[in-house]
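As the structure is a computational prediction, the values presented were derived from the model and not from experiment.
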Protein chains: 2
Amino acid sequence: MRDTAGTATGLRERKKERTREALVDAAQELFLRKGYDATTIDEIVAAVEVSRRTFFRYFAGKEEVALARAMEFEALFLDALTTRPADEAPLTALRRAGTEVFARVVDEEHDGAGQEFLRMRRMIEDTPVLLAASLRNMIELERRMAAEIARREGLTPGADRRPALLVTLYHSVMRVAMDEWTEGGALEATGLVRIIEDAWDDMGVVLTGRWTADEIPRA
Amino acid sequence: MRDTAGTATGLRERKKERTREALVDAAQELFLRKGYDATTIDEIVAAVEVSRRTFFRYFAGKEEVALARAMEFEALFLDALTTRPADEAPLTALRRAGTEVFARVVDEEHDGAGQEFLRMRRMIEDTPVLLAASLRNMIELERRMAAEIARREGLTPGADRRPALLVTLYHSVMRVAMDEWTEGGALEATGLVRIIEDAWDDMGVVLTGRWTADEIPRA
DNA sequence: AACGGTATGGCACACAGTGCCATATAGCCA
DNA sequence: TGGCTATATGGCACTGTGTGCCATACCGTT
């Protein structure tokens, strides 16, 4: 998940990139070992030998450094969606972009990346302020994805609510599936794939099946 | 939306309740007038003539006092769901509980309650930290609602994922509908009802219609 | 080699939030 | 009525986050 922006050009740029990565890595290590709240910014900057003031020039706050990797993931996801073939149906493009990026981040990279990914997710989920911020990021990602779906379908941005509904539906299913997967402590990606497919089937049943009352009720 | 917990018994209890209400009201007035970030806790407690230390005995922080009314609303919603007739289908119970509580809070009460409700929603949506916290509250509400749905359907709590999917689907549709309603600046509840129904129809199309690729894709 | 833009460091400060202890007061019992 | 006890409150000191301001060091360029 490193070097997302590609190779830096100047010496200054490279140093900045290294400092930023060092801060994220040191912060994550501390967060996972001591917990988010128990970790102070002073400890993070001490580990990287950077001043406190400099930290705030790289990140707006503690939240941002904690969610840095997650935000990179979201950026990759959005990129993958943008580069999906135009003839794919919206939901198909969404799902394939998701699995594509997920596989690239978790399976690939150095071993243990999947483990760290899962541990970070657990920590975020267990830290109220991080959970809140990550949900806010999700909403923002949904907005951008909906805009992209609208673009690729040739719809005028705010006129059709279907892109927004599709994207939020996708994230809803994914969240329920991820919760179930995480809760089960399962680590194998194949288990997650199965859960996701079952969840989509269940969602179909929930919205259209007899379980809701033979039809979508009119209030 | 006041006196949610019913009439207080002792003199002490009543005074506490009055202090709490005064703090919420003063805070909301300041937040709406000056903005959330620009309002300090010192200003809030000065308006109610209470010490800073006391404030933190009523609320865990600034966020909590800002979202106090929203949390009361959520509690009412959950209550309404719990008292819905058992023969209603889950989604029907959910939608009727929602409209019921919404009508009670916005239409009823003193005039202008709808206006204030809308202004607070806008402020929360425009204040990053409040938006984040309110989304976290939503997730928590979803959990409790899913548990209630599971209970009324006689399902073993963690075994079936349909309650979770149904509840998150409901909130997804409502969020898209509310966004659209708020954005349009519409104030009439009838407009919202129409948007909600249309959104449900669109969601049906999105999940099952040809727009997604003639079927739910298999990854 | 000198210059200009930029990254950094070191304050000082405002504000949120917490722990501790002293004081005041409601509720209760003799 | 008078006193006792539990509880609510206020005051204070302290930690930690986040920001504005200015001096300094360094990269990149001419």
Side-chain angles (χ1 to χ4, degrees), chain A residues 5 7-24 26-28 30-31 33-68 124 127-134 136, chain B residues 5 7-24 26-28 30-31 33-68 124 127-134 136:
Chain A
T7 318
T9 49
L11 193 154
R12 220 167 190 154
E13 316 266 336
R14 267 181 290 149
K15 183 177 167 60
K16 277 186 66 174
E17 196 56 30
R18 270 189 288 120
T19 305
R20 194 194 143 85
E21 290 303 306
L23 281 170
V24 173
Q28 290 213 2
L30 284 165
F31 291 157
R33 185 156 52 84
K34 309 183 41 178
Y36 177 77
D37 293 314
T39 303
T40 67
I41 294 180
D42 286 322
E43 294 174 300
I44 300 171
V45 298
V48 189
E49 289 179 314
V50 170
S51 82
R52 222 176 77 86
R53 197 63 190 81
T54 296
F55 173 89
F56 285 104
R57 289 199 177 90
Y58 281 88
F59 305 98
K62 236 170 98 173
E63 285 177 19
E64 200 170 296
V65 72
L67 299 177
I124 291 171
T127 308
V129 60
L130 287 186
L131 173 58
S134 89
R136 178 169 42 69
Chain B
T7 316
T9 49
L11 193 154
R12 221 167 190 152
E13 317 265 338
R14 265 180 293 149
K15 183 178 168 59
K16 277 188 64 173
E17 195 57 30
R18 268 189 289 120
T19 305
R20 195 193 141 84
E21 291 303 307
L23 282 170
V24 173
Q28 291 214 1
L30 284 165
F31 291 156
R33 184 155 53 84
K34 310 183 38 178
Y36 176 78
D37 294 314
T39 303
T40 66
I41 295 181
D42 285 322
E43 294 174 301
I44 300 171
V45 298
V48 188
E49 290 181 313
V50 170
S51 82
R52 222 176 78 86
R53 198 62 191 80
T54 297
F55 173 89
F56 284 103
R57 290 195 177 92
Y58 282 88
F59 305 97
K62 235 169 99 174
E63 286 178 17
E64 199 169 298
V65 72
L67 298 176
I124 292 170
T127 309
V129 59
L130 287 186
L131 173 58
S134 89
R136 178 169 39 72

- For A:K34, does the NZ atom sit with more than 12 other heavy atoms under 6.0 Å from it, leaving out its own atoms? yes

- Are the charged groups of A:R33 and A:E43 less than 4.0 angstrom apart, N to O? no

- Query: Does the D:dG16 base have a donor-acceptor partner in the side chain of A:R52 within less than 3.5 Å?
  - Reply: no

- Query: What's the CZ-C1' distance between B:R53 and D:dA8, to the nearest Å?
  - Reply: 12 Å

- Residues forming a salt bridge (charged side-chain N to carboxylate O under 4.0 Å, His left out) with B:E64, sequence neighbours excluded: none

- What nucleotide, of D:dT9, D:dG20, D:dT7, holds the atom closest to the side chain of B:Y58? D:dT9

- Message: Distance check needed: D:dG16 P versus A:Y36 OH, whole Å only.
- Response: 14 Å

- Item | Interface limits on DNA chain C, where chain A has a heavy atom under 4.0 Å of a nucleotide atom | C:dG5 to C:dC11

- Whole angstrom is fine here: how far is it from CZ in A:F59 over to P in D:dT19? 14 Å

- Task: With DNA chain C as reference, determine whether A:T19 or B:I41 sits nearer its 5' end, using the nearest nucleotide of each.
- Result: A:T19

- Message: I need the CZ-P distance between A:R57 and D:dG18, as an integer number of Å.
- Response: 15 Å

- From CA spacing to verdict: side chain to side chain contact (heavy atoms under 4.5 Å, CB included), B:F31, B:I44: CA-CA 10 Å; B:F31 291 156; B:I44 300 171; 4.0 Å; yes

- Message: Applying a 4.0 Å non-hydrogen cut-off, can you work out what B:F55 is touching in the nucleic acid: base, sugar-phosphate, or nothing?
- Response: nothing

- Message: For a quick check of understanding: with a heavy-atom distance under 4.0 Å over all strands, which category does A:K15 fall into, base, sugar-phosphate or nothing?
- Response: nothing

- Which sits closer to the 5' end of DNA chain D, B:V50 or B:R12, going by the nucleotide each is nearest to? B:R12

- Message: Let me spell it out: for each of B:A60 and A:E49, pick the nucleotide of DNA chain C with the closest heavy atom. Which residue's pick is nearer the 5' end?
- Response: A:E49

